[in-house]
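What follows is a short report on a single structure.
Since the structure is predicted, the reported quantities are computational estimates derived from the model, not experimental observations.
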Amino acid sequence: MCPYMVYKLPEGDFDSVATRFSLPVRALAYSPSGTNLAASGDDEGIKLISAAESKVFRTFRAAPYTRSLAYDPESEFLGSVSAEGTLQIWDMANGKITYAQKKVDVTSARRNGIAWHPDGGSLLAVPGLENDVSLFERLSWNVALTLKGPHSAAVNLVSFSPNGLYLVSAGTDQLLVLWDVGLRKALCQRSTPSTVTAVSWHPQDNSLACMSEEGSVAVWDGIVPEGHPGPHISPDSLLAQGVTSPQEGGGERGGSVDPTREGDEGMGSFIDHDMEGDMGGDAFDPGSVVKKRKGLGSRALYASAGARPQPPIQPGATLTGDSSDRRFLAYNALGCIISKEGEEYNTIEVALHDTRAHRRRMPNLNDLFRFSIASLGDRGVMYASRSSKDAPSTVMYRPFDSWAANSDWQVSLPTGDEALAVTAGQSFSAVATSQHMLRVFSPAGLQTFVMTLQGMPVALASQGHLLAAVWHAASPSATDDQCLQYAVFDVSQQQQVHHGPLPLTPGTTLSWLGFSEESLLASYDSEGVLRLRSREYGGCWVPAFVSSQQRKNSEVYWPVSLTLTQLTCIVCTATQPIPQVSPRPVLTNVALQVPVLAADASSAQLEADLLKGNLQLTHTRLQLADLVEAGEGSTEEAEQAVSVCEVALDRALLKLFNAAVRGSRLQQALEAACQLSQVRSLEGAIKLANHNRQTALAERITMFLETRLELEAAEEADQEMSPEAVLIEDATTAEDMPSSSSPRTKPSASPAPEGGAVKANPSITRKPLLSTGNLVSQLKDAASKPSGKRKAQPQSGNPFARSKVSKS
C-alpha cells in the first residue's frame with residue numbers, strides 16, 4: 001500500500017493519512033484556492049481530496065498510470081496526462097472528459113508535466129511529440145502556438161512564470177530552456193547532469209528551483225535575463241507604464257544571464273543544500289503579483305506579451321552554446337568567431353575560411369570581459385560586452401594585421417548605456433547602444449561620427465564602406481507586426497544612401513541582416529523569407545527566397561551570405577535550429593527563387609528565373625550608370641557584366657518563349673520575344689516559331705526585329721548630326737574658307753532627342769527605345785496594312801522596355 005500523507009508547514013510534522021493507493025503515487029495538484037487536492041498514480045482513477053478533512057470526496061474514472069495533473073486557475077477544469085501521453089481535460093462540474101488527445105508515444109518514461117497560463121487558464125502548455133511544447137487554447141482546445149528550439153529529445157515538463165510572460169521546459173536531453181511566450185523564442189538554456197522532474201518558481205525572486213530524477217535539488221538564480229521584465233511584473237502594469245521595449249521593463253531584480261548567451265552564474269550542477277537560504281530574496285511586493293482575470297481568452301496573452309518589440313539581434317551569432325559550452329559570436333563569408341565559456345574567463349578563437357588572405361593566424365583571446373556579441377570584418381574583429389557590477393559595457397577592436405604595436409583598442413560606454421549591436425566594415429567599425437546612439441570608429445580607434453537613432457537599435461550590418469542600421473520606429477501593431485525602420489550610410493562620403501520602413505512577414509521578427517556580394521541590403525525574417533532592397537520602382541524590397549517553398553521536411557535555413565543568384569546557409573533541423581560549433585557546420589548553396597503566380601504551373605520556374613535575371617540585369621546597369629556619372633575609372637568591367645547578364649536573361653527568355661509556343665500561348669511568347677536583347681536571340685526565336693509552324697508569330701517577331709534595327713540606325717544618324725557635331729563641323733569650315741565682308745550664318749542646332757541630349761558614348765547609354773505594349777499594338781496595325789516600306793516611328797520611353805539590340 002502507498003498512503004498519501006499530509007504534513008503541517010513550516011514544522012513538517014505528520015498530520016494525517018488522506019488516502020491510500022495500491023501502487024505508487026505519481027502526480028499531485030492543489031486547486032487554486034488550496035482547499036482541494038487531486039492525486040493519481042499507477043492505480044486507476046483520479047482522487048479529489050478535501051485538504052481540510054483529509055478525505056476523498058470524489059473520484060474521476062481515469063485509466064491507470066496517470067503521470068501529471070494541473071488545475072485550471074479558474075477551477076473549472078483539471079488537466080491530466082497518462083503514461084502513454086494521452087491528454088485529458090476534465091470538467092470539474094460534472095466529472096466528464098471535455099477534451100482528449102491521444103499520442104503514440106506509448107513507451108516513454110516522461111512525466112509529461114503540463115501547465116495552465118496564470119491569466120485565467122487561457123492557454124494550456126503540454127509537451128509535444130516533436131521535442132517541442134504545444135499551447136492549447138482554452139475551450140476550443142486547438143493548438144494556438146508551438147514552441148520549437150533547443151530541445152533535441154522529448155520534453156518532460158513545462159511551467160509558466162507567475163506573470164505568464166515566460167515558460168520553462170525541461171527535457172529528457174537534460175536541458176532546461178527559458179522561453180519568451182510572446183516572441184515564441186528561447187531566451188537562454190541550462191544543461192543539467194540528469195533529467196529534471198520538477199520545477200518551481202520563487203514567489204518573489206527571479207529564481208527557479210529544480211529537482212532531478214536522482215532526488216538532487218538546485219536553484220537557477222537570475223533565470224530571466226537582464227533587460228527583460230521580471231517573472232513577477234504584471235503585464236498590465238507594463239502597458240500602463242507605456243513600456244515598449246524589453247530593456248525598459250527590467251525594474252525587478254534582474255538575473256545575471258545575458259540573453260545572447262548562457263549566464264555567468266546560476267545552476268552549474270545539482271547539489272543538495274538548504275533551500276531556505278537560496279530561495280530568500282527581496283521584500284515581497286504585493287503589486288508585482290498578477291491578478292487572476294476571468295473570461296480572458298488567449299488573445300490576452302498576445303496583447304500583453306506578444307506586442308513587445310523584438311530584442312536586438314547580432315547577425316551570424318548563436319544565442320546558446322553546444323554541449324561543450326561553445327557558441328558562435330559571428331559566422332559569415334569571411335570566417336567565424338567561437339567563444340568557449342570558462343570559469344574565470346572565456347576563450348575566443350577567430351577562424352578564417354580563406355587562410356591565404358591572412359597567413360598570420362590571429363591568436364586566441366582570453367576574454368575577461370565575457371564578450372556577448374562580435375562582428376568579423378575585412379580588416380579586423382569588433383567585440384562588445386554587457387555591463388556588470390564591476391565593469392561598464394566595453395567595446396574592443398582587434399585588427400588582423402598591423403605595422404605598429406598596440407594596434408588593439410577598447411572603449412567603455414557611459415554608465416547605463418549598453419552595447420546592443422556591433423559591425424566591422426572595411427574602413428570603419430560601429431556600435432549601436434541602448435541610449436539609441438550609433439557610434440562610428442576608424443580602424444585606429446578614432447570616433448569619426450556619432451548620431452542618434454530614432455528608436456531602440458535592432459541590428460547593424462556592413463560591407464565595404466556601407467553601414468546599415470535597423471531600429472524600432474514604433475511599438476508593434478495590434479496584429480503583432482514589428483514596426484522597424486532602416487537606413488544605409490556611405491561612411492566614406494558621410495552620406496545617407498537610402499532609408500525607409502523594413503518590411504517583414506506579418507507576425508514575424510527580423511532574424512538576419514546583411515549585404516549581398518553585389519552590395520544590395522538583404523533581410524531574413526523568422527518565417528524564412530529573404531528580401532533584397534532594389535532600386536527599381538524608386539526603391540522597393542523584392543522577396544527573393546521563401547524557405548517554406550524550398551526546404552525539405554523540417555529543414556531550417558541559417559543564413560551566412562548571399563549573392564543575387566544564391567543563398568549560402570547552414571541547413572539545420574527544427575529540433576536544432578542553430579548550428580553547432582563541433583563538428584564544424586557544412587555550408588550549403590541554395591538557389592534564390594522569386595515567388596511567382598504563374599497561369600501555367602509548368603512555366604512557374606521559368607518565370608521565377610526571368611524575374612531573378614531582370615533583378616540582376618537592372619542592378620548591373622545601375623552600377624554602370626553610377627560609374628559613368630562619377631567619371632572615375634574604367635567602365636569596361638561593368639560593361640562586360642551587363643553583357644553577361646543580358647545573355648543570361650536572353651537564355652531565360654528563350655526558354656520561356658519555347659514553353660509558351662509549345663503551350664499555344666502566342667501572346668505570351670510574343671511578349672517574351674520583345675524583351676530579347678541580342679540579334680541572334682531574336683533570330684533564334686524566329687526559328688523556334690517556324691519550327692513549331694507558328695508563321696504569324698514568326699512574322700511579328702521579324703517585324704519587331706526590323707523596326708528596332710531601323711530605330712537604331714536612325715538614332716545613330718541623329719548622334720552623328722548632333723548639335724555638338726554640327727558646331728564643330730561649322731567651325732572647321734569657317735577656318736578653311738576665306739574671309740568675307742558678309743558674315744556667314746551658322747546653321748541652327750536641331751532639337752535634342754526626347755529624354756535629353758545623347759551622351760558621347762552610345763555603347764554606355766543604353767536608353768530604352770520601344771515600349772513592349774506599344775510595339776505589339778504597332779505591329780498588329782502594321783500587319784493589317786498592305787505590305788510596303790515601313791517608316792520607323794520613335795516611341796516614348798518605358799521603364800519596361802529593353803535596351804537596344806546588340807548586333808554582336
Side-chain angles (χ1 to χ4, degrees), residues 426 461-468 486-493 495-500 502-503 514-523 530-545 561-566 592 594 608-653 675-678 753-772 796-806:
Q426 183 177 359
S462 61
Q463 185 187 66
H465 303 296
L466 297 179
L467 168 63
Y486 84 95
V488 175
F489 307 95
D490 188 334
V491 177
S492 62
Q493 302 294 328
Q495 294 180 351
Q496 185 180 89
V497 181
H498 51 81
H499 70 283
L502 183 71
F515 286 91
S516 68
E517 289 186 5
E518 298 81 6
S519 301
L520 287 182
L521 184 63
S523 67
L530 175 70
R531 294 176 176 85
L532 293 171
R533 201 275 180 184
S534 172
R535 287 196 280 178
E536 294 181 287
Y537 290 91
C540 61
W541 289 86
V542 179
F545 179 77
S561 62
L562 77 152
T563 66
L564 285 178
T565 58
Q566 65 183 16
L592 298 185
V594 180
D609 294 340
L610 180 61
L611 287 175
K612 184 171 63 176
N614 267 317
L615 178 65
Q616 189 171 7
L617 178 59
T618 301
H619 178 69
T620 53
R621 282 178 174 171
L622 290 173
Q623 283 186 323
L624 177 59
D626 292 341
L627 289 176
V628 174
E629 183 178 358
E632 299 178 358
S634 174
T635 60
E636 182 178 355
E637 184 177 351
E639 291 177 19
Q640 182 65 26
V642 171
S643 299
V644 171
C645 291
E646 287 180 347
V647 172
L649 189 59
D650 275 9
R651 188 180 299 112
L653 283 167
Q675 298 182 56
L676 292 169
S677 297
Q678 309 288 324
E754 183 179 355
V758 179
K759 295 186 179 180
N761 192 342
S763 63
I764 296 177
T765 307
R766 309 184 67 86
K767 186 174 61 177
L769 299 176
L770 288 176
S771 166
T772 301
S796 59
N798 188 293
F800 296 99
R802 301 293 306 278
S803 62
K804 63 183 181 180
V805 179
S806 174

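- For the atom pair N614 CG and L649 CG, the distance stands at 5.0 Å (nearest 0.5 Å).
- Expressed to the nearest 0.5 Å, how far CZ of R535 lies from SG of C540 amounts to 12.0 Å.
- Using a distance-only test at 3.5 Å, with no hydrogens or angles considered, no donor-acceptor pair links the side chain of H498 to the main chain of G539.
- Using a 4.5 Å cut-off on side-chain heavy atoms (C-beta onward), Y486 and S523 make no contact.
- Listed here is the closest heavy atom pair of A522 and L562: CB-CD2, 4.0 Å.
- For the pair E536 (side chain) and L615 (backbone), a donor-acceptor distance under 3.5 Å is absent.
- The minimum heavy-atom distance between L617 and C645, with the atom names listed, is CD1-CB, 3.7 Å.
- Rounding to the nearest 0.5 Å places CG of L466 at 5.5 Å from OG of S519.
- In this structure, CD on Q496 lies 11.0 Å from CG on L467, to the nearest 0.5 angstrom.
- When every heavy atom of E646 is checked against every heavy atom of R621, the shortest pair comes out as OE2-NH2, 3.1 Å.
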(message) Go through it in stages, so that I can follow the logic: the residues are F515 and V488, the test is side chain to side chain contact (heavy atoms under 4.5 Å, CB included), and I'd like the CA-CA distance, side-chain angles, deciding distance and then a yes or no.
(response) CA-CA 11 Å; F515 286 91; V488 175; 4.3 Å; yes
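- At least one donor-acceptor pair closer than 3.5 Å links the side chain of S643 to the backbone N or O of E639.
- Atom OG of S516 sits about 6.5 Å away from atom CD of Q463, to the nearest 0.5 Å.
- From L564, atom CG reaches atom CG of L532 across 6.5 Å, with rounding to the nearest 0.5 Å.
- Of the possible donor and acceptor atoms, none in the side chain of Q678 sits under 3.5 Å from a partner among the backbone N and O of D650.
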